[in-house]
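Since the structure comes first, as structure tokens, the remarks are kept for the end.
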Amino acid sequence: MSRLDIKTRDQSQMVIEGLYQDLERRIVASPPGQCPVDMAASFLKLCHAQTCGKCVPCRVGLGQMLNLIDDLLDLSEETSLDTLDLIENTAVAIRDSADCAIGTEAANMVLRGLSGFRDDYEEHALRNRCTEDIQKGKQPVPCVALCPAGVDVPGYSALVLEGRYEDAVRLIRKDNPFPTVCALICEHPCEARCRRNLIDAPINIRGLKRYAVDNSGPVEVPEKMDDTGKRVAIIGGGPTGLSAAYFLSIMGHKATVFEKRSQLGGMLRYGIPNYRLPRERLQYDIDAILSAGVEVKTDFDVNDAENIQAIRAEYDAVYIGIGAHTYKEMGIEGEFSKGVIPAVEMLRGIGDDAMPDFKNKAVAVIGGGNVAMDVARTAKRLGASEVTIVYRRRRNDMTALDEEIEGAIAEGCDLLQLKAPAKIESTQEGRVKALWVKPQLAGEADNSGRPRPIDAQAEEECIPCQIIISAIGQGIESHSFENCGVPVAKGSISASSSSQIETMEGVFAGGDCVTGPSTAINAIAAGKVAAANIDNYLGYHHEIEVDVQIPEPRIMDKKPCGRMELKLRYARERGNDFLAIEQGMTAEEAAQEASRCLRCDYFGFGSFKGGRVEKW
């Protein structure tokens with residue numbers, strides 16, 4: 001008999017690993033709006049099955065806790081709020097006494113659920129039913145539910161499959177007046193819970209939208225409804241302000257946009273480089289919005305109490321969508337040296353075609369978000385001899401999209417992880433000479449779930465450079481509004497989820513100036529919400545809809561099939577110019593990708609809940 005054996009994967013182990021992968025895919029594809037008590041019971045069963053049975057807390061405690069949750073879900077069982085106390089006490093006991101992480105983390109999961117979904121647990125304990133929100137069911141189609149603007153994704157995917165590209169754009173505009181912009185730069189949260197994950201990988205939703213806008217001819221906006229005689233002022237010509245103005249104009253109101261700068265677009269123009277969002281593609285969407293009858297006043301700085309009060313008096317309602325265009329200070333020695341540039345100011349200048357000169361200069365970029373990647377890649381295109389991205393956390397903790405990080409590295413930018421800026425060294429003339437950084441360790445997780453960076457016991461390191469670009473966050477110019485009585489908390493304007501400012505009659509606010517810096521699709525969604533609620537405030541209930549017949553699903557199999565990814569120009573080529581870096585799908589690729597859609601609007605749970613929202 002051999003003393004040791006070479007370990008090989010036998011057939012049973014391969015089957016087990018395949019089952020684990022199937023389970024992972026089912027978890028990834030879990031749609032929103034499910035009962036959290038039921039989900040807790042399902043996960044707890046999995047945790048119980050993983051225990052070795054050595055310690056009592058896992059072997060007995062998890063089983064007992066599972067029985068208690070099953071009692072909550074059993075319609076024949078009489079339960080009370082005492083059951084919730086018993087579940088909580090049991091979970092605490094398991095958490096504090098289990099030998100390994102299997103029991104501890106299972107108990108923590110239950111405790112987090114009890115805290116975060118208390119209303120759901122109480123509804124089951126007292127009335128043996130789910131909460132009203134779960135009963136009514138939110139949007140049952142996962143991609144639509146996770147799109148902040150509620151765009152009918154399966155609908156336009158089906159239209160792309162049929163070659164009806166103008167109708168696809170028309171359908172998208174029902175909820176989102178920036179179809180071209182989102183086809184190019186949206187972060188596609190809709191893909192996160194795509195049910196195609198159950199089979200292979202999510203649909204390339206943004207890619208299909210890109211194919212539709214690339215191949216459609218001119219698509220006119222809907223006709224305006226009857227003139228209401230009401231006037232609405234929109235302060236800010238970015239994505240949220242223009243979205244609100246578009247929908248309000250379609251509803252028959254007179255919307256006027258007041259924009260501080262000479263051109264419209266907000267951070268779409270002054271925050272996203274041309275290689276990601278070509279200006280002519282942005283302008284196409286803006287022109288379509290203006291064709292709905294939106295009036296514009298550019299170079300109009302609404303930045304004092306007198307202007308704001310005059311607008312309030314002249315208009316029936318006001319929507320504040322000023323975005324987040326200021327920068328945050330780093331708070332380190334030497335940050336006001338010559339050569340230190342805030343990222344938002346650099347991108348704003350480029351938006352007005354004022355290109356900085358970085359030729360043969362070493363550039364350090366501080367930050368780990370999409371803006372940091374944008375300025376790093378832009379600096380490379382502006383002739384920088386080297387670009388170093390400095391981030392105090394790990395790459396896995398960066399808030400930038402993976403494709404943006406990979407793009408920056410592919411184009412020649414260096415990434416230094418776990419390095420916190422400590423001070424900026426300057427020459428006698430006050431020009432940047434070097435950035436000094438302090439090495440960090442990845443510590444315990446903070447509230448965001450990411451490991452908190454802590455100083456390592458290591459010497460500071462020097463990064464020689466002539467330019468430092470700060471991309472650590474953006475702020476909001478809210479002081480003048482605060483002076484006029486607009487409520488402000490921690491620099492952001494305070495507004496309800498309906499966009500209304502409750503202390504000011506007829507004044508609404510939304511987008512980045514309320515939520516803080518966010519994505520384009522979130523700003524667009526805020527504009528849509530504001531338009532609907534301003535319409536109600538003005539005494540109307542106009543409905544936005546579109547006369548597009550959605551094709552019936554094709555009969556097709558559901559075998560695994562590769563996802564079509566959008567191709568990029570070669571890194572060596574694209575890193576030298578500001579031309580678009582991404583290429584759209586071919587007709588063949590778009591047809592195959594659209595055919596992968598499982599049509600959740602037509603099959604399964606979607607058919608019980610109406611499938612789609614045809615008007616709002």
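For this chain, numbers begin at 1 and follow the sequence in order.
Residue E545 places its CD atom among more than 12 non-hydrogen atoms of other residues, nucleotides or ligands, all under 6.0 Å distant. Atom CG of D226 has 12 or fewer heavy atoms from other residues, nucleotides or ligands within 6.0 Å. Applying the 6.0 Å contact sphere to NZ of K558 captures no more than 12 heavy atoms from other residues, nucleotides or ligands.
At least one side-chain heavy atom of L159 sits under 4.5 Å from a side-chain heavy atom of L171. C143 places none of its side-chain heavy atoms less than 4.5 Å from the side chain of R193. With a 4.5 Å cut-off on side-chain heavy atoms, V546 and D167 do not count as touching. Proximity of P142 to V144: side-chain heavy atoms (C-beta onward) are nowhere separated by under 4.5 Å. Put simply, the side chain of L84 reaches to within 4.5 Å of the side chain of L72, judged on heavy atoms. Side chains of N176 and K528 form no contact here, defined as non-hydrogen atoms less than 4.5 Å apart. Using a 4.5 Å heavy-atom threshold, the side chains of R312 and M504 count as touching. Contact annotation: the side chain of I172 never approaches that of F178 to less than 4.5 Å [non-hydrogen atoms, C-beta and beyond].
Counted by atom type alone, D120 and T131 present one or more donor-acceptor pairs between their side chains at under 3.5 Å. For the residue pair D535/H253, the side-chain donor-acceptor check at 3.5 Å is satisfied. D512 and S518 share no donor-acceptor pair across their side chains, judged by distance under 3.5 Å alone. Looking only at atom types and distance, the side chain of E187 has a donor-acceptor partner in the side chain of N370 under 3.5 Å away. Side-chain contact, Y602 with E552: a donor N or O sits under 3.5 Å from an acceptor N or O. For the residue pair Y121 and T83, no side-chain donor N or O sits within less than 3.5 Å of a side-chain acceptor on the partner.
Across all non-hydrogen atoms, the minimal contact from P177 to I524 is CD-CG2, 4.0 Å. Closest approach of P222 to I250, counting heavy atoms only: O-CD1, 3.5 Å. Of all the heavy atoms in A255 and A245, the pair that sits closest is CB-O, 3.8 Å. Here the closest heavy-atom approach between residue K174 and residue W616 is recorded as O-NE1, 3.0 Å. What you find for A149 and D175 is that their closest heavy atoms are O-CB, 3.4 Å. Looking at every heavy atom in both residues, A594 comes nearest to L161 through CB-CB, 3.8 Å.
At a threshold of 4.0 Å, the pair E162-R554 counts as salt-bridged, since one of the basic side-chain nitrogens sits closer than that to a carboxylate oxygen. The pair R170-E166 fails the salt-bridge criterion, with no side-chain N (NZ, NE, NH1 or NH2) lying under 4.0 Å from an Asp/Glu carboxylate O. Between D99 and K54 there is a salt bridge, since at least one side-chain N of the basic residue sits less than 4.0 Å from a carboxylate O of the acidic one. Ion pairing between a basic and an acidic side chain is recognised when a charged N comes within 4.0 Å of a carboxylate O; K615 and E543 show such pairing.
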Pair R112-N108, side chain to side chain contact (heavy atoms under 4.5 Å, CB included): steps then yes or no | CA-CA 6 Å; R112 287 197 300 271; N108 275 330; 3.7 Å; yes

Run the side chain to side chain contact (heavy atoms under 4.5 Å, CB included) check on L538 and T228 step by step: do they pass?
-> CA-CA 9 Å; L538 296 174; T228 65; 5.8 Å; no

Go through the steps for T240 and Y319 under the test side chain to side chain contact (heavy atoms under 4.5 Å, CB included), then give the verdict.
-> CA-CA 10 Å; T240 192; Y319 179 56; 2.7 Å; yes

Begin with the C-alpha distance, continue with both residues' side-chain angles, and end with the deciding distance and a verdict on side chain to side chain contact (heavy atoms under 4.5 Å, CB included) for S496 and E502.
-> CA-CA 7 Å; S496 67; E502 295 175 354; 3.7 Å; yes

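Remark: the backbone N or O of G527 is not paired with any side-chain donor or acceptor of S243 at under 3.5 angstrom. The main-chain N or O of M585 is never found under 3.5 Å from a side-chain atom of R210 such that the two would form a donor-acceptor pair. N533 places a side-chain N or O within donor-acceptor distance of the main-chain N or O of V529, the cut-off being under 3.5 Å. Under a 3.5 Å cut-off, the side chain of T104 and the backbone N or O of C100 do form a donor-acceptor pair. At distances below 3.5 Å, at least one donor-acceptor pair connects side-chain atoms of D285 with backbone N or O atoms of T180. Under the 3.5 Å distance criterion, the side-chain polar atoms of S42 are matched with a main-chain donor or acceptor of D38. With hydrogens and angles ignored, the 3.5 Å screen pairs a side-chain donor or acceptor of N197 with a backbone N or O of C194. Between the side chain of R206 and the main chain of A183, a donor-acceptor pair closer than 3.5 Å is present. Between the K224 side chain and the G252 main chain, no donor and acceptor come within less than 3.5 Å of each other. Judged purely by atom type and a 3.5 angstrom limit, D446 has no side-chain atom pairing as donor or acceptor with the backbone of R452.
Here Q50 contributes atom CD and C52 contributes atom SG; the two are 11.5 Å apart, rounded to the nearest 0.5 Å. Here the CG-CG distance, from L126 to L81, works out to 4.5 Å after rounding to the nearest 0.5 Å. Atom NE2 of residue H124 and atom CZ of residue R129 lie 10.5 Å apart, to the nearest 0.5 angstrom. Note: L146 CG to H188 NE2 = 13.0 Å, rounded to the nearest 0.5 Å. Taking CD1 of I205 as the start and SG of C190 as the end, the distance is 3.5 Å to the nearest 0.5 Å. Annotation: the span from N204 atom CG to E191 atom CD amounts to 5.5 Å, rounded to 0.5 Å.
Shown here are the ring pair (Phe, Tyr, Trp, His ring centres under 6.0 Å) partners of F481, two or more places apart in sequence or in another chain: there are none. Among residues two or more places apart in sequence or in another chain, the salt bridge (Lys or Arg N to Asp or Glu O under 4.0 Å) test is passed with K490 by none.
Put simply, the residue from R195, R596, R563 that forms a salt bridge (charged side-chain N to carboxylate O under 4.0 Å, His left out) with D200 is R596.
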